[in-house]
Amino acid sequence: MWAPLLQVLLILGHVREALSACKSAELDFIVVEGDALLASLEDDVRSDLAKLGISVATRFLSKDDFNSNMTSGNFNLCFSETWGPPYDPHSFAAAWKSPDEAHFSALKGLQAPMTQDQLTTKVSDVLLEENLVQREQKWKEILTATHQQAIDLPFSGKRIPTVLSNRLAGYVAGQQQFDYPVHTLRTLSGSSTITVAPGAQTGLFDTVGRLDPHTYRPNEFFANNWVYEGLLTYGPGGVREPALAESWTVTDLSGGGQEYRFALKQNVKFHDGSDWNCTVAKLNFDHVLAKPLTTGDYHGWYDLPLQVSSWSCAGTYEFVLFTKDKYYPLLQELTYIRPLRMLSPAMFASGISTDPMTENSCHAGWGSITGNGETLTCAGVRGVSGTGPFKFVETLPNGDVRFDKHADYWRGEPQISQIIVKKYSGHAAVMAALLDGSLDAVMGAGVLEPADFNTIRTAHSSSFQVFLGPAIQNRVIIMNANKAPTDDLTLRKVIMHAVNKAAIIDKELFGMAEPVDALFPKNAPYCDVDLTPRWDYDFEKAQLLWCPAESAGENGDVTMTVLIVVVVVVVVAMGVVAFILFKVGKKQGARACTARIHLAAFMV
Ligand SMILES: *[C@@H]1O[C@H](CO)[C@@H](O)[C@H](O)[C@H]1NC(C)=O
Ligand SMILES: *[C@@H]1O[C@H](CO)[C@@H](O)[C@H](O)[C@H]1NC(C)=O
């Protein structure tokens with residue numbers, strides 16, 4: 001007679017289970033291998049999500065595999081960063097239309113009224129907005145729409161660390177990631193050669209690459225920035241400062257575009273002794289902005305190449321440039337480290353008269369390029385020569401790289417005579433070199449482990465000066481809205497609230513970052529806006545969205561209590577019925593008894 005009762009209890013058990021369980025999901029998290037910091041963050045994110053029944057299968061991938069998976073949208077979660085100044089938000093957002101960028105595939109899952117197409121249009125549109133109030137409003141719409149669709153889990157604001165030996169002085173903070181201001185440094189004692197471990201695009205320094213100014217990886221921003229200069233430079237507080245252009249005027253034209261007239265600096269010499277003048281400026285523009293290269297695969301990730309319609313010389317030191325529309329980021333984009341910094345005319349394949357179509361300065365490995373109805377051939381460059389404070393000398397057999405000062409540097413001869421960029425096998429080797437005195441400087445992120453940075457700051461402050469810049473870039477976790485299960489907005493919201501970023505940052509980063517709640521840093525132009533909902537850590541909210549019963553809280557418990565009471569009452573009632581039937585059965589014969597009890601049990 002107990003079998004039916006057990007059956008009832010079993011059913012109730014299932015009900016209880018269904019009510020209390022969180023939904024389940026399995027996520028594919030791609031992380032670049034060999035980055036200890038990312039690995040430690042991944043570990044914490046995974047355990048936070050596990051608390052809600054969301055399992056994370058992480059793939060640690062080589063840089064190449066990571067890039068191919070990222071750009072093809074083959075992931076649910078991946079770490080990314082905004083680009084910081086001078087790129088946020090305009091160039092970063094413009095790059096969302098480029099398939100090379102992780103957001104491109106993630107944003108395909110955007111829902112109306114702000115689909116990916118609409119977003120792309122809105123971003124192009126805001127870049128042409130002249131009216132400042134309108135422009136702020138339009139940026140707010142873009143930021144709000146992407147924020148609400150929960151594509152990016154805002155994680156931490158990245159601060160750039162610098163550690164300098166006490167024998168150095170004259171440190172002036174750089175204005176962007178990879179801007180390491182060596183030309184202001186002075187040595188107070190010892191050799192005027194300094195050793196530097198710079199933060200590279202992959203964290204630890206590996207190679208300076210081709211060190212040509214007009215292309216991309218494996219070139220490193222920091223080295224290109226020492227060697228080459230552009231018309232303008234990006235200064236403190238976001239001010240566009242003169243560099244190879246001394247001054248400029250901007251005039252509105254009747255057709256809707258603008259004329260920019262640059263007075264070029266005179267008496268500037270390239271490392272190889274060539275002069276800087278308008279012929280050289282025009283040559284560089286002719287090559288970089290040759291039509292086939294202005295497409296999305298090459299320089300089309302930002303809008304400057306699409307906006308600049310023509311350029312010419314109005315004198316030996318006067319360069320004139322026309323734009324199609326009133327494109328507000330133009331001067332800012334002329335400060336960028338690539339692809340429009342100036343190469344010596346002697347380094348073009350056939351010198352100052354090199355044809356941009358038959359022997360373009362683009363990397364020879366790019367081959368022949370067709371785009372916008374024209375075809376050109378990349379010939380690469382003959383060598384490394386810019387106007388910047390340091391000139392490239394050689395890569396040594398052990399992988400270290402030597403730079404010498406440019407004695408004719410127009411801002412004044414650097415006091416440091418030589419920089420040896422050191423290549424180390426790992427983070428521990430960098431720490432050891434600092435402590436044994438063989439390394440003078442660590443500049444940039446990803447070189448020292450956060451814990452080692454903390455040790456230097458707290459236990460070795462008498463030997464080193466330590467600087468930590470403001471949070472200029474946001475680390476985010478991109479949630480791919482175009483791939484199941486993160487195509488579910490509810491799941492993306494759950495993840496937003498489930499990750500305890502403040503605790504993770506505290507545990508892993510030792511003050512080298514701070515928690516953030518929006519995609520862009522608040523100090524980026526147009527980004528100091530309050531966006532709702534706030535994507536803060538909120539475990540209860542995550543539960544409410546993902547685990548209906550537990551989040552029902554006391555109501556859930558009440559339901560259970562009622563169910564248990566019902567069971568008890570039924571069991572007691574059946575006992576009573578059985579007892580009565582038993583008594584009756586004694587008189588009428590026991591046969592019918594069990595049958596009736598069976599019936600009663602099934603009716604519950
Ligand atoms: C993605 O990563 C895997 C390794 O997990 C690799 O085999 C594959 O080539 C990568 N590329 C793409 C497009 O998925
Ligand atoms: C500009 O400088 C180049 C060398 O860099 C020189 O060949 C050329 O003659 C100069 N042009 C003018 C107009 O002075």
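Heads up: numbering here begins at 1 and tracks the sequence. Atoms within each ligand, like the ligands themselves, are counted from 1 in listed order.
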Revision key, fill the gap. Atom 10 (C) of ligand 1: closest protein heavy atom, distance to 0.1 Å, is Asn69 ND2, 2.6 Å
Check your understanding: With atoms numbered from 1 as shown, which atoms in ligand 2 lie under 4.0 angstrom from a non-hydrogen atom of Pro345?
Key -> 5 (O)
Review point. In the protein, which heavy atom is nearest to atom 11 (N) of ligand 1, and how far is it?
Key: Ser68 OG, 2.9 Å
Review point. What protein heavy atom sits nearest atom 9 (O) of ligand 1, and how far away is it?
Key: Asp65 OD1, 3.9 Å
Point to revise | Close N or O approach (Asn277, ligand 2; < 3.5 Å) | key: yes
Review point. Which atoms of ligand 2 have any heavy atom of Ser274 under 4.0 Å away?
Key: 5 (O)
Point to revise | Side chains of Val476 and Ile151 in contact at under 4.5 Å (non-hydrogen atoms) | key: no
Point to revise | Closest protein heavy atom (residue, atom, distance) for atom 7 (O) of ligand 2 | key: Ile352 CD1, 3.7 Å
Check your understanding: Hey, which atoms in ligand 1 end up nearer than 4.0 Å to a heavy atom of Asn74?
Key -> 14 (O)
Point to revise | Closest non-hydrogen atom pair between Ser98 and Gly296, with its separation | key: OG-O, 4.3 Å
Study note, to complete from the structure: min-distance protein heavy atom vs atom 5 (O) of ligand 2 -> Asp275 O, 2.7 Å
Check your understanding: Is Phe60 close to Glu42 at the side-chain level, that is, under 4.5 Å between some pair of heavy atoms?
Key -> yes
Check your understanding: For the rings on Tyr260 and Trp248, is their centre-to-centre separation under 6.0 Å?
Key -> no
Exercise for review: Show which atoms of ligand 1 fall inside a sub-4.0 Å distance from at least one heavy-atom site of Ser72.
Suggested key: 13 (C)
Exercise for review: Using a distance threshold of 4.0 Å (strictly less than), state whether atom 14 (O) of ligand 1 has a protein heavy-atom neighbour.
Suggested key: yes
Exercise for review: Classify the side-chain pair Asn225/Asp179 by whether it contains a donor and acceptor separated by less than 3.5 Å.
Suggested key: yes
**Study point:** Test: Asp303 and Lys324 ion pair at under 4.0 Å
**Key:** no
Point to revise | Lys NZ or Arg CZ of Arg338 over Phe221 ring: under 6.0 Å, within 45° | key: yes
Exercise for review: Could you tell me the residue and atom name of the protein heavy atom closest to atom 4 (C) of ligand 1, and the distance to it rounded to 0.1 Å?
Suggested key: Leu61 CD2, 3.7 Å
Check your understanding: Hey, what's the ring geometry for Phe403 with Phe392, parallel, tilted or perpendicular (30° and 60° as the breaks)?
Key -> perpendicular
Review point. Is the gap between the ring centers of Tyr87 and Tyr336 under 6.0 Å?
Key: yes
Exercise for review: Show which atoms of ligand 2 fall inside a sub-4.0 Å distance from at least one heavy-atom site of Val280.
Suggested key: 5 (O)
Check your understanding: Counting only heavy atoms, which portion of Ile30 has something under 4.0 Å from ligand 1: side chain, backbone, both, or neither?
Key -> neither
